[in-house]
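Right, one structure below, let's go through it.
Since this is a predicted model, take the numbers as computed values, not measurements.
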Amino acid sequence: MRLSARLLPFTLFNDREVSCTTLTIFLIIGEHDPEGVLQADITKFINISTSSVSRNCCLLGGKTQKNTNGMGLIYRERLSLNRTLIHLSLTETGKVLYEKVTLGLKC
């Protein structure tokens, strides 16, 4: 199967186009499921700005920074001991989509 045909299902998440950065962040969160990952750690994994990670996590989560509906694929939860840290994990919908995406990437 041609690579372009294999990547076609990943252009739309919940009828939205997503960037490569958004897809990468989603895959990182999925790789760390079920224990989850800290939002700050994602900046270290892929070397992008904290604001870019935050915007993409808002899009993947429940609400964007412009107060529009997010995709509902991840949970964003501030830690009670350190309110500056945000813990990320997949929702049930996110888990289903993660399985589909990773299955599609296998040769």
Side-chain angles (χ1 to χ4, degrees):
M1 179 182 275
R2 297 181 64 192
L3 180 60
S4 59
R6 289 176 52 207
L7 292 176
L8 185 61
F10 311 127
T11 58
L12 296 175
F13 276 36
N14 292 350
D15 298 326
R16 294 186 187 192
E17 291 187 23
V18 297
S19 69
C20 290
T21 303
T22 306
L23 176 59
T24 301
I25 290 171
F26 176 73
L27 291 173
I28 291 170
I29 296 167
E31 287 174 359
H32 290 86
D33 197 60
E35 69 274 0
V37 63
L38 293 177
Q39 186 169 303
D41 289 341
I42 293 177
T43 62
K44 298 171 191 169
F45 293 142
I46 57 176
N47 196 27
I48 61 172
S49 69
T50 55
S51 61
S52 180
V53 172
S54 180
R55 273 193 308 278
N56 283 284
C57 287
C58 286
L59 177 63
L60 289 167
K63 288 276 185 196
T64 67
Q65 292 172 335
K66 296 179 181 178
N67 281 332
T68 59
N69 289 334
M71 295 183 201
L73 300 175
I74 66 169
Y75 291 115
R76 299 177 75 232
E77 178 182 16
R78 290 199 182 272
L79 299 182
S80 58
L81 296 176
N82 184 344
R83 302 289 295 162
T84 62
L85 296 177
I86 299 172
H87 183 261
L88 307 169
S89 59
L90 294 178
T91 63
E92 290 304 314
T93 304
K95 290 176 185 180
V96 170
L97 184 59
Y98 178 78
E99 291 299 318
K100 288 179 183 177
V101 169
T102 55
L103 182 65
L105 290 173
K106 293 179 183 176
C107 294

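Evaluation of the salt bridge (charged side-chain N to carboxylate O under 4.0 Å, His left out) rule for E92 yields K95 as partners, not counting sequence neighbours.
In this structure a side-chain-to-backbone donor-acceptor pair under 3.5 Å is missing from T43 to I48.
Separation of atoms CD1 (I74) and CG (D33) is listed at 11.5 Å; rounding is to 0.5 Å. With rounding to the nearest 0.5 Å, the separation of NE2 in H32 from CG in D41 is 7.5 Å. In this structure, CD1 in I25 is found 11.5 Å from SG in C20, a value given to the nearest 0.5 Å.
Closest approach of L88 and C57 over heavy atoms only: CD1-SG, 3.6 Å. Nearest heavy-atom pair across G36 and S89 is CA-CB, 4.3 Å.
Crowding of N47 atom CG: a count of heavy atoms from other residues, nucleotides or ligands under 6.0 Å not exceeding 12.
Within the 4.5 Å cutoff, no side-chain heavy atoms of I86 are placed close to those of E77. The side-chain heavy atoms of Y98 and L73, taken from C-beta on, include no pair separated by under 4.5 Å. Looking only at side-chain heavy atoms (C-beta outward), I42 and N56 stay at 4.5 Å or farther from each other. Proximity of L85 to Q39: side-chain heavy atoms (C-beta onward) are nowhere separated by under 4.5 Å. Contact check for L79 versus L81: no side-chain heavy atoms found under the 4.5 Å cut-off. Taking the side chain as every heavy atom from C-beta outward, F45 and E31 never approach each other to under 4.5 Å.
The hydrophobic cluster containing L23 does not contain V96, counting ILVMFWY residues as joined when their side-chain heavy atoms lie under 4.5 angstrom apart, directly or transitively. Hydrophobic clustering places V101 together with V37 (ILVMFWY residues linked when any side-chain heavy atoms are closer than 4.5 Å, directly or through intermediates).
No side-chain N or O of S52 forms a donor-acceptor pair with one of S49 less than 3.5 Å apart.
Between T24 and the options T21, I28, L27, a side chain to side chain contact (heavy atoms under 4.5 Å, CB included) holds for only I28.
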